Amino acid sequence: MAKLKELAEWVGAQLVGDENIEIARVAPIEEAGPGDLTFLANPRYAAKLNDCRAAAVIVAPGVESERHSLLICSNPYLAFARILARLCPPASVERRVMDGAWVDPSAQLGKEVAIHPGCHVGPNVRIGRGTILYPGVVLYEGAQIGEDCVLHAHVIVREACRIGNRVIIQPGAVIGSDGFGYAPDGRRYVKIPQIGIVEIGDDVEIGAATCIDRAALTVTRIGRGTKIDNLVQIAHNVEIGEDTIIVSQVGISGSTRIGDHCTFGGQAGIAGHVRIGDDVMIAARGGVPSDVPPGQVMSGTPVMPHKDWLKASMTFPKLPEMRRDVQALKKRLVELENLIKEK
Amino acid sequence: MAKLKELAEWVGAQLVGDENIEIARVAPIEEAGPGDLTFLANPRYAAKLNDCRAAAVIVAPGVESERHSLLICSNPYLAFARILARLCPPASVERRVMDGAWVDPSAQLGKEVAIHPGCHVGPNVRIGRGTILYPGVVLYEGAQIGEDCVLHAHVIVREACRIGNRVIIQPGAVIGSDGFGYAPDGRRYVKIPQIGIVEIGDDVEIGAATCIDRAALTVTRIGRGTKIDNLVQIAHNVEIGEDTIIVSQVGISGSTRIGDHCTFGGQAGIAGHVRIGDDVMIAARGGVPSDVPPGQVMSGTPVMPHKDWLKASMTFPKLPEMRRDVQALKKRLVELENLIKEK
Amino acid sequence: MAKLKELAEWVGAQLVGDENIEIARVAPIEEAGPGDLTFLANPRYAAKLNDCRAAAVIVAPGVESERHSLLICSNPYLAFARILARLCPPASVERRVMDGAWVDPSAQLGKEVAIHPGCHVGPNVRIGRGTILYPGVVLYEGAQIGEDCVLHAHVIVREACRIGNRVIIQPGAVIGSDGFGYAPDGRRYVKIPQIGIVEIGDDVEIGAATCIDRAALTVTRIGRGTKIDNLVQIAHNVEIGEDTIIVSQVGISGSTRIGDHCTFGGQAGIAGHVRIGDDVMIAARGGVPSDVPPGQVMSGTPVMPHKDWLKASMTFPKLPEMRRDVQALKKRLVELENLIKEK
């Protein structure tokens, strides 16, 4: 519960309308009711305000409404995120090691750490101040977790892996599983011990059931601010830059290096030992077999420039017709050639 | 163990043969031995009965066999499912809160609930009568589970999510993880708190390690009777209708709405904000970028009618040959054109 | 820590250089420093030795270096794997049932078994000598685990499934979840009880969050020595041979049979009821709709011989241009035909 005035100050927005409205809830524009705050991320949809019953709306400069109080700011979506975080803080959690948690005596715990029942904190683990472990989190020997992290239920961090500050890990994610490496011995395969680690930067978020493998000898690295969705596979020795977005079910093969501020759409796949520059966008389901220079927008398998893919994939269903055309052309051309020879 | 007569009554089948046979086991048609019951789902394979050593066979009307007692019914596969459920009931489980389970005092448990060691039931959770939690299930604050559900080991249901009655959740599935939503702030990304929930209807089944994200503000919804396989990703704000089949490794992006009685083959991917009508079939690995009207059968990426895709994908390997043909045609046509000009 | 001489003997390599060097670490060729051992798997990259600061290098016969001591052997990568296993043995684990583990009194535990807190060992489970269960492993009733296995945190093995000897299972993998089988009853679906099991051979490795479903009536089988990466789906009744490699995010549909010594690249998908011969390679993202004879190398969806796919997929972006060419050819041919008729 907050006054609209306070929220405007909170995000540095210009307030037009009734500054004393009490805002209890943030709701989507179609579902907001009296007393609610909503937002209009894209001015093109301003017509939606006509039917919107919200008390107040976060808008970009230039949007007007007689029916609503307005919070005007240059980035309404960002203001929405920040107001939501203020109005709906996460549930408070008791800051202590709860009964039914196993913590090795050699582990070092920061202040205000919360460790739920069923957690297992191994020898020589370090956990920074303010970090929360939900039930069933397992930290193997020597794992290091930074400050103000949230590790949801059943997250596993294996031996010696290092997690930065303010990292959020959704339930069931696995950090530091063995990389997939074998040496052929005739027709059989011998496991190559995976003795490296995973290192995750500050402000990273990792999705549910996502797996990040430890390096064979060195470090699998996820850069600061990178956000990874659910069920993503990141193989051993991969290095990912900062502020990169990886949508669900993407797979990144071993030793690949990815730049800053890239975006990978859902179910994309990247081959091993590939370099992808900064600011690359790979569309959903794109398959990347080789290096991609910075700034490219790519689609398809194997990937090509997105515009080319759009045209080629629209032509694809016409392939059988094209083939018939080509066969017919060949036949008619032969007839024509014979006709001319005869003349 | 049951007499064939009882089984016939159980599924309303017509019995031809020895009604007093004791059936101990149901086995596939190739592996069944004396004393076993088997089934012939498709009358086209009736020849298989010649070598079948089973004592009795569930068949559709019109199938005959002198060697076997027959249970004749209109839907043999359904009768097989029901007889199997009768002959092989799930292992019985002690109905109590077992030692080593943590249950918050504010949680409300129905009668005959089984809660295994290592489970964690948070504050204000409600669990309906007859529900079984296998070891390591974690229910966050305010989660609601219906009656006669089975939540297998390490299933996680996060804050305030609601599960209907008779829902089966395979091991390691995650219900209510945060949706993947961020607001750009320059080149960085700011998390949008995901304060919505997941709501799952009656008689839904959810596969192992499948992830269903909570809505940003509202509800991610799975309709009654829908069956979801392993390792499926369902993003925030998705709504899925009733009796829809979603095979393994499918990904459904945010805010997409799917109708009733659809089927999604394995590894299919659906873009965000898309509407898919009732009775749609998307073949395995289909990529759906936009709306699909009811009743369509689609394949490919991007999807097209399945018949078109079959033809186009058969032509695809001939592309290089077609290209050579086109180049040759161009050359010969130029020659011909020159020849005619000369004449 | 070991002398180079000992390591040479360990792997049967010929030693050229200083046999008394103390090796503490194995490092990649680019990062190795004084005192380190590295390896050159491929003689083509021998030039890398010029800048390599390692004390010693494992090489194939014919590679020379004046700067390094050399371990010369026919399979340097295999020697590297074996030396690494010797120099970096896994962390030692207390061999006992630790406090906070629940073990049913009817379970049979071999000698030197380690069972961590939070594990749950159900009735009639058998665990072979020397096997390690990390925290949170759940073994349902009647599960059988062989000798010298490592089951990482939160691995789940459901009822009556059988695991061989020396099997390694990465965190969060699920063995024996219900197969995805339903009988249609009008528009609804009725669950077919999945009463079969999973059987896993010796020396198999299974990746994090991989799911292997139990058979409907019989056995889902993974052959000796097969290695499975993270987030792989293996459906009910699948049978996989020996020494087969399955990379991350592959999906194998129900009742499919796969031979020995195959390789499936990441994100490949195999339809149900398909037979794949020995020594087949399916490239990453390949989609297999039907049987594949032994020894084939296949790519694409649907798969075709890899060489054909390379050519066809290189031509694909030229489709729009080809289509324009065909249209233009048709027009010019008509003009030519008319011209000739007139003459």
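Throughout, a chain's letter reflects where its sequence line sits, starting with A, and its residues are numbered from 1. Here the structure is a predicted model, which is why all the values come from computation and not from measurement.
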Less than 4.5 Å to any heavy atom of chain B: does that hold for the side chain of [X], its backbone, both, or neither?
X       : answer
V150(A) : neither
I246(A) : backbone
N75(A)  : side chain
L231(A) : side chain
A91(A)  : side chain
I168(A) : side chain
R224(A) : side chain
M314(A) : neither

As an exercise, state the distance from [atom1] of [X] to [atom2] of [Y], rounded to the nearest 0.5 Å.
X       : Y       : atom1 : atom2 : result
Q194(B) : C88(A)  : CD    : SG    : 11.5 Å
K318(B) : L319(A) : NZ    : CG    : 11.0 Å
F316(A) : T301(B) : CZ    : OG1   : 9.5 Å

For [X] and [Y], work out which heavy atoms get closest and say how close.
X       : Y       : result
A209(A) : A209(B) : CB-O, 4.3 Å
I156(B) : P171(A) : CD1-CB, 3.5 Å
S313(A) : P302(B) : CB-CD, 3.8 Å

Under 4.5 Å, counting heavy-atom pairs only, tell me which of [options] racks up the most with chain A.
options                            : value
D325(B), T210(B), I195(B)          : D325(B)
T315(B), V232(B), V190(B)          : T315(B)
K311(B), E159(B), H154(B)          : H154(B)
E335(B), Q249(B), R158(B)          : R158(B)
V326(B), L333(B), D308(B), T218(B) : T218(B)
C211(B), G176(B), G118(B)          : C211(B)

Selection from [options] maximising heavy-atom pairs under 4.5 Å formed with chain B:
options                            : answer
G266(A), G100(A), A85(A), G136(A)  : G100(A)
I340(A), V247(A), V26(A)           : I340(A)
D260(A), D203(A), D243(A), I228(A) : D243(A)

Audit row: Y134(A), H120(B), side-chain contact (heavy atoms from CB on, under 4.5 Å) steps and yes/no = CA-CA 10 Å; Y134(A) 278 94; H120(B) 187 274; over 6 Å; no
inquiry  = F180(B) vs E205(A), test: side-chain contact (heavy atoms from CB on, under 4.5 Å). Steps then yes/no.
reply    = CA-CA 9 Å; F180(B) 195 66; E205(A) 182 158 359; over 6 Å; no
Considering only heavy atoms, which portion of [X] lies under 4.5 Å from any heavy atom of chain A: side chain, backbone, both, or neither?
X       : result
A101(B) : neither
P289(B) : neither
I192(B) : both
L339(B) : side chain
Q233(B) : both
V250(B) : backbone

task = Dump the intermediate steps for side-chain contact (heavy atoms from CB on, under 4.5 Å) on D213(B) and D229(A), then the final yes or no.
result = CA-CA 10 Å; D213(B) 280 352; D229(A) 201 353; 4.2 Å; yes
ask   = According to the interplanar angle, ranging from 0 to 90°, do the rings of Y189(B) and H261(A) count as parallel (below 30°), tilted (30 to 60°) or perpendicular (above 60°)?
value =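 Because their plane-to-plane angle is under 30°, the rings of Y189(B) and H261(A) count as parallel.
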request  = Give the C-alpha distance, both sets of side-chain angles, the deciding distance and a yes or no for side-chain contact (heavy atoms from CB on, under 4.5 Å) between V334(A) and R332(B).
outcome  = CA-CA 10 Å; V334(A) 168; R332(B) 282 161 62 192; 3.5 Å; yes
request  = Indicate yes or no for a side-chain donor-acceptor contact from E337(A) to the backbone of L336(B) under 3.5 Å, with no hydrogens or angles considered.
outcome  =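 Checking the backbone N and O of L336(B) against the side chain of E337(A), no donor-acceptor pair under 3.5 Å is found.
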request  = Decide salt bridge (charged side-chain N to carboxylate O under 4.0 Å, His left out) for E321(B) and R323(A); before the verdict, give the C-alpha distance in whole Å, the side-chain angles of both, and the deciding distance to 0.1 Å.
outcome  = CA-CA 10 Å; E321(B) 178 199 312; R323(A) 185 148 195 260; 3.8 Å; yes
Count the heavy atoms belonging to other residues, nucleotides or ligands that lie under 6.0 Å from [atom1] of [X], then report whether that count exceeds 12.
X       : atom1 : result
N338(A) : CG    : yes
K191(B) : NZ    : yes
R275(B) : CZ    : no

query = Do H152(A) and Y140(B) have side-chain N/O donor and acceptor atoms under 3.5 Å apart?
reply =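 Present: a donor and an acceptor within the cut-off.
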message = Any heavy-atom pair between the side chains of Q170(A) and V174(B) that's under 4.5 Å?
response =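 Not touching, per the 4.5 Å side-chain cut-off.
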key: Heavy-atom side-chain proximity of P184(B) to Y77(A) below 4.5 angstrom   =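 Yes, close enough: below the 4.5 Å cut-off.
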ask   = Can D185(B) and R82(A) be said to form a salt bridge (charged side-chain N to carboxylate O under 4.0 Å, His left out), step by step?
value = CA-CA 11 Å; D185(B) 181 15; R82(A) 291 197 169 135; 3.1 Å; yes
inquiry  = salt bridge (charged side-chain N to carboxylate O under 4.0 Å, His left out) for D279(A) and R187(B)? Distances and angles first, verdict last.
reply    = CA-CA 10 Å; D279(A) 299 293; R187(B) 285 173 71 83; 3.0 Å; yes
Check against side-chain hydrogen bond (donor to acceptor under 3.5 Å, both in side chains), R285(A) and Q267(B) = CA-CA 10 Å; R285(A) 299 169 79 79; Q267(B) 299 182 331; over 6 Å; no
